[in-house]
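These notes are about the structure you will find just below.
A note on names: the letters A, B, ... follow the listed sequences, proteins ahead of strands, and every chain is numbered from 1. In this text the structure is predicted, and so the values were computed from the model without any measurement. FYI, side chains are in, hydrogens and waters are out, and symmetry mates aren't considered; it's all heavy atoms of this structure.
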Amino acid sequence: MTAKLWWMIRKDLLSEYRSRRTWPAMLLLGILVAVVFTVQMDLPPEGQRRIAGGLLWLAILFAGVLALDRSFALESEDHCGEGLLLYPVSPTAVYLAKLLVNVFALAALEMILIPLFIALSGVPLLAHPWATLLVAGLGNVAICAIGTPLSALAAKIPERGNLSALLVFPLIIPVLLAASEATRLIAEDRLGAEWWRWVQFVAAFALVFLVSGTVLFDFLVED
Amino acid sequence: MNRLKNRRPRGAALVDILAAAAVATAILAILFVAPTEATMGLAQRIVYVHVAMAWLGLAGFLVMATTAAIYLARRDLAWDQWSQSAAELGWLASSLTLATGSLWAHATWNTWWTWDPRLMTSFILWAVYCGYLLVRGSLEEPHLRARLAAVLAITGVLDVPLVIMATRWFRGIHPVAPKMDPAMHGVLLLSVAGFTAFFALLLVRRRAQLRLDGLLADIDAGGVWTAECGADETHPTPHTLPFTLHLEE
């Protein structure tokens, strides 16, 4: 199972490395959004610390949806998805592989956007590196856990336009709010019970949608 | 052949009258029986409709997801028709929740919209309903449409606990269960019951309409002819159908 999972992850990463169709666009969009947002942050330091978390997660979400959307759209070209499902692996493994590739994509995005936000705004988002890492990691998994099955769903729809973004955004809003609040509290140096409650919320959300995605993915790919 | 008949069961007219009477009684009670609230005045009467709509928006979501799950288990399009009916009515109730809530908020908080977890989660439910209906509208093949919509409905319903938890986990300004005068409480319950009866009737009627839509689509596709009438698949003969569609009583 692990070896097969790795091969499927490798297939997607190799495909992306050769074609460079998604990640550069995602990273560029993230950088553009971050620059535009930070230009608007002409506020006193307290105000900047208050809104930096929300703007950071908005930038991650806007750019990240691009990667989520492409993760299954690629498989709908030239019947690649059918070939993928002919692999001697369960659909759950396919789902987990796609999920992990999306997690890698968003992790790369976060690794660029967080330092960029710090450089452009001066907000100390890395004042507590482990706390930031925890929130970024959980938020990343939560977004991908919801976004991956919805991307598979949208890929089944012809002439779908930006449907996956329309499906993903409403469900992601709670995670976005919780992760933004947790990041704001890090920037304000307030790692107390309130911060921990937001972190738990994001973790619970990620867990719920990881389980549901694993269970429901079979229904999305059966044909 | 029986499935082609659309005769309404006996007593259906009585159910219609009872549902109409229930909702009419609720509206009259809201207008004339409920006492006027001292601080908010007449605007407080919006709450009776708002709470009923919020409940129906939530109930529609649960019906939509439950029937969707049953569809996935049984693959019977009848359950998908229930799911679609519940989603459409739930969307309507959810839209009215946001509209009435906004009107009440303007009268009470002096703002049309404010940051509050319950408001946001209500909005999220409405947006998920919109996504569900968009997905349905984008697909033609009935079983593919039913399957994808069912997955989305179940994914969406997992958001519902957040609606409930959000008010407890986060600090909001939305009242959770304010103390009410017994007369107000009675009218509120009557309103919820009346609108629920009315929406249940609409649900049944909409599902019956979708069932007929499905049958007509079968006829258009030639499925019914070949399966039940033995007509030539490539040359159906609509004028020689050996059955009657009872569209009206």
Go through the atoms of [X] and report whether side chain, backbone, both or neither lie under 4.5 Å from a heavy atom of chain B.
X	value
A:I146	neither
A:L167	side chain
A:E181	neither

[atom1] ([X]) with more than 12 external heavy atoms under 6.0 Å:
X	atom1	result
B:H185	NE2	no
B:W91	CH2	no
B:F198	CZ	no
B:R206	CZ	yes

Item checked: Non-neighbouring partners of A:I51 that pass side-chain contact (heavy atoms from CB on, under 4.5 Å), sequence neighbours left out ->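 For A:I51, the residues satisfying side-chain contact (heavy atoms from CB on, under 4.5 Å) (neighbours in sequence not counted) are A:M41, A:L43, A:L55.
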Notebook entry, point to check: Does B:L98 have any side-chain contact (heavy atoms from CB on, under 4.5 Å) partners at least two apart in sequence or in another chain, and if so, which?
Noted result: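 B:L98 satisfies side-chain contact (heavy atoms from CB on, under 4.5 Å) with B:W113, B:S122, B:F123, B:W126 once adjacent residues are dropped.
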Once rounded to the nearest 0.5 Å, what's the spacing between atom [atom1] of [X] and atom [atom2] of [Y]?
X	Y	atom1	atom2	result
A:L177	B:I124	CG	CD1	7.0 Å
A:L171	B:L158	CG	CG	9.0 Å
A:L220	B:L152	CG	CG	9.5 Å

Item checked: Side chain proximity check, B:T155 to A:P149, heavy atoms < 4.5 angstrom -> no
Check: Mind checking which of residues 68-81 of chain B sit less than 4.5 Å from chain A, heavy atom to heavy atom?
Finding: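 Result: B:L72, B:R75.
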Notebook entry, point to check: What parts of residues 135-151 of chain B touch chain A if we use heavy atoms and a cut-off under 4.5 Å?
Noted result: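 So the qualifying residues are B:V135, B:S138, B:L139, B:L144, B:R147, B:L148, B:V151.
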Check: Taking every heavy-atom pair that is under 4.5 Å apart, which of A:L150, A:I173, A:V215 has the most such pairs with chain B?
Finding: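 It is A:I173.
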